[in-house]
Amino acid sequence: MPFINGRHYQPKSDRCIVKNSPIDNRVLPSIPICNRSDVDIAVAAARGSFNRGVWSQLPINERKSILFKFANLIEAHIADLAILDCLEMGKSIENLVYDDVPVAAQSIRWFGEAIDKVYNNCSPLNENSLGIITHEPLGVVSAIVPWNYPMIMTAWKIGPALAMGNSVILKPAEQSSLSAIKLAELALEAGIPAGVLNVVTGDSETGQALAQHMDVDGVFFTGSTQVGKLIMQYAGQSNLKRIALECSGKSPFVVLDSCKQLPFAAQTLARHLFFNQGQICSAASRLIIDESLAADFIPLLLEQAQIYQPSNPLDINSRVGASFCHKHLETVDKLVKNAQADGAKLICGGHKLETVKGGAYYAPTILTNVTNDMEIAQAEIFGPVLSVITVKSEAEAVEIANETPFGLAAGVWTDDFSTAHRVSRQLKAGSVHVNSWGEDDATAPFGGIKQSGVGKDKSVWALQQYANMKNTWFKF
Ligand code: NAD
C-alpha cells in the first residue's frame with residue numbers, strides 16, 4: 001500500500017504490479033500503481049505539511065534529533081528491511097544486512113548531523129547595507145529511485161531532502177517498493193510529521209505524473225539515462241522544477257603497463273563488476289589493458305569470476321544473489337550472443353543458471369577480443385559481463401576510456417605516480433579511482449558527467465541541491 005499523510009492509502013486506480021520473486025519465482029504481494037489523481041493527493045499532503053511548517057520550520061536541532069531517531073529505527077529494523085529487498089529484487093541477504101541497510105541509516109544520520117554545521121553566507125560588507133545569502137527548502141520534492149540499491153539510493157535522496165526541511169514524495173521502483181513503505185512507517189514512528197515523507201508506489205505513469213506536476217518543486221532521480229532525459233523534458237514542459245539526475249554508466253578500468261599489482265587489480269575489478277549480479281551503475285564493465293599484461297591478467301580474472309558465482313540470496317553466506325528479473329536476463333544474454341557474432345571471444349559464463357529452481361541467475365561472463373565500437377563495449381549491460389579491450393599505449397587507453405556517452409566512474413592502475421596523476425586528470429568521469437575502485441564515503445560527492453547525469457548525491461554539495469539560494473538585502 002502507498003503511504004500518504006501518515007497512513008496507508010488505498011489508491012483510486014485498480015491497476016497493480018503483479019510480482020514474483022526473482023529468487024525462485026514465488027508469488028509476492030501485488031503492488032498498487034498510483035495514477036495521476038493518487039499523485040495529486042500525495043502532492044497535496046506534502047504541500048499541506050510544508051505550508052504548515054510542521055517540519056520545514058522546526059528548529060534545526062529538533063529536525064536533527066528526529067533524523068537521528070529515524071536512522072536508529074532503520075538500524076533496529078535491519079532484518080525486516082533486508083528481507084523485503086531480498087525477496088523483491090533478489091540481492092543477497094548478506095549484502096543487505098551488512099551493507100545496504102546500515103549504509104542507508106548512516107547516510108540519514110550524516111545529513112542529520114550536517115544541518116547545523118552548514119552556514120549561510122554574508123556578502124562583502126558595505127557601510128550602509130548588508131546582504132545575506134540563505135539556503136531555503138525547495139518545498140515539495142520527489143525522489144524517484146531504481147531497484148538495484150533500493151535503500152541506499154533512497155537514503156541518498158531523502159536524507160538531504162528532509163535535512164533541508166522539504167516535504168518529500170518517494171517513488172520507489174516497481175521492483176523494490178516494500179522496503180520504501182516500511183521506511184515511511186519508521187519515519188513517522190521517529191517523529192517526522194504526517195505528510196512530510198509520503199510513498200507513492202507505481203510505474204512510469206506514476207513517475208511521469210510526479211515529474212510533470214505543477215506543484216512539485218524538484219525531482220531527484222536515479223535510474224537510466226533514457227528516463228533521465230524524459231525527466232528533464234517533463235521539468236521543461238511543466239514548471240521548470242529543479243532536477244538532479246543520477247543515470248547510467250559504462251565505466252573503464254584502465255590497467256597500464258606500469259601496473260605491478262595485477263592480482264590486487266583483478267580482485268578489485270571482479271568485486272566491482274560481478275557483485276550484485278553486475279547491477280551496479282558504476283560497474284567496471286570495460287577492462288582496457290595494455291596488451292603486454294593481458295596474458296597474465298586474464299587467468300587471474302578467471303579465478304576471481306569463480307568467487308562470484310550466484311547462490312541462493314536467502315542464504316546468509318551468499319555473496320551474490322539473483323538478477324532482478326528473467327526478462328532482463330534475456331537482454332543480457334542477447335547482448336553476449338551479439339558480441340560473439342561481432343567477433344568477441346567468450347572465455348567464461350555467457351549463460352543463465354538454475355541456481356534455485358525458477359530463479360533468475362546469470363554466470364559471471366568475460367569476453368575478450370572486444371573493440372570499443374562493438375555494442376557490448378558501448379551499451380550499459382547491467383549484468384555480470386566484462387568486455388576486455390587491449391591497447392598498445394597510454395594515449396590509446398585514455399582515448400578508448402573516454403569514448404563512451406557516459407561519465408560516471410573510471411579507474412587507472414599504474415605504479416608510476418606521474419602517470420597516475422596525468423591519466424586521472426584526463427579521464428572524463430564524476431569519480432576517478434587510482435589503484436582502487438568503489439572507494440566511497442558520505443563526505444564525498446557521487447554523480448556522473450556527460451550522459452551519466454547532472455547533480456550530485458551525498459556530501460554537503462548534495463544538500464545545496466535541495467534548497468533555493470536566496471539573497472536578502474538590508475539597507476541602513
Ligand atoms: P529506470 O530508469 O527504468 O527507472 C528508475 C525509476 O524511474 C523507477 O522508479 C521507475 O519506475 C521510474 N520511471 C520509469 N519511467 C519513468 C518515466 N517515464 N517518468 C518518471 N519516472 C519513470 O531504471 P532502473 O531499471 O530502475 O535502474 C537501473 C538504472 O539506474 C541503470 O541505468 C543504472 O545505471 C541506473 N543507476 C544509476 C545510479 C547512479 O548513481 N548514477 C545508481 C543506481 C542506478
Side-chain angles (χ1 to χ4, degrees), residues 15 17 22 31 33-36 39 85 88-89 91 100 103 107 142-157 169-177 179-180 199-213 216 219-235 237-238 241 243-251 273 275-285 323-325 327-328 331-332 379-383 404-409 429-431 438 440 444-459 462:
R15 283 208 308 132
I17 300 156
I31 306 285
I33 298 176
C34 290
N35 64 16
R36 279 184 190 265
V39 165
D85 280 347
E88 259 196 300
M89 49 72 70
K91 181 179 293 205
D100 289 40
V103 169
S107 177
S142 176
I144 301 181
V145 294
W147 48 266
N148 66 326
Y149 280 84
M151 289 289 297
I152 296 179
M153 296 300 108
T154 298
W156 284 2
K157 302 219 182 296
I169 302 159
L170 168 64
K171 152 63 186 93
E174 39 279 62
Q175 302 85 355
S176 56
S177 304
S179 60
V199 178
V200 292
T201 53
D203 57 9
S204 57
E205 180 193 346
T206 318
Q208 182 173 354
L210 281 163
Q212 289 180 326
H213 206 288
V216 170
V219 168
F220 297 85
F221 169 83
T222 298
S224 61
T225 295
Q226 194 190 354
V227 176
K229 288 181 180 181
L230 290 175
I231 302 280
M232 215 171 215
Q233 291 176 31
Y234 300 152
Q237 287 157 1
S238 54
K241 53 180 64 65
I243 56 165
L245 309 171
E246 296 294 343
C247 298
S248 316
K250 186 74 185 178
S251 301
L273 175 70
F275 193 70
N276 202 22
Q277 278 268 285
Q279 303 164 136
I280 313 170
C281 55
S282 55
S285 54
S323 289
F324 83 100
C325 80
K327 197 164 157 239
H328 177 61
T331 313
V332 172
E380 185 193 43
I381 300 170
F382 230 50
T404 160
F406 304 114
L408 191 54
S431 301
D440 204 11
F446 181 87
I449 59 171
K450 293 158 74 180
Q451 293 189 37
S452 288
V454 287
K456 298 288 175 200
D457 277 333
K458 309 197 301 165
S459 79

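All residue numbers in this chain count up from 1 along the given sequence. Counting starts at 1 for both ligands and their atoms, following the listed order. Heavy atoms only: backbone and side chains are in, while hydrogens, waters and symmetry mates are out.
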[X]: heavy atom below 4.0 Å from ligand 1, yes or no?
X      : answer
Gly448 : no
Gly228 : no
Phe221 : yes

In ligand 1, which numbered atoms sit nearer than 4.0 Å to a non-hydrogen atom of [X]?
X      : result
Leu408 : 41 (N)
Ile231 : 20 (C)
Leu230 : 18 (N)

Exercise. Distance under 6.0 Å and angle within 45° of the ring axis: does Lys241 meet both against Tyr234?
Worked result: no
For this session: May I ask whether atom 11 (O) of ligand 1 is less than 4.0 Å from at least one protein heavy atom?
Result: yes
For this session: Please name all residues satisfying salt bridge (charged side-chain N to carboxylate O under 4.0 Å, His left out) with Lys458, sequence neighbours left out, ordered by chain then number.
Result: Asp440
Exercise. Would you say the side-chain atoms of Gln279 and Lys91 include a donor-acceptor pair closer than 3.5 Å?
Worked result: no
If we set the cut-off at 4.0 Å for heavy atoms, which region of [X] has an atom near ligand 1: side chain, backbone, both, or neither?
X      : value
Gln175 : neither
Ser282 : neither
Gln226 : neither
Gln279 : neither

For this session: Give the minimum heavy-atom separation between Ser459 and Ala444, together with the two atoms involved.
Result: CB-C, 3.7 Å
Exercise. With Phe221, which of Ile243, Leu245, Val145 fulfils side chain to side chain contact (heavy atoms under 4.5 Å, CB included)?
Worked result: Leu245
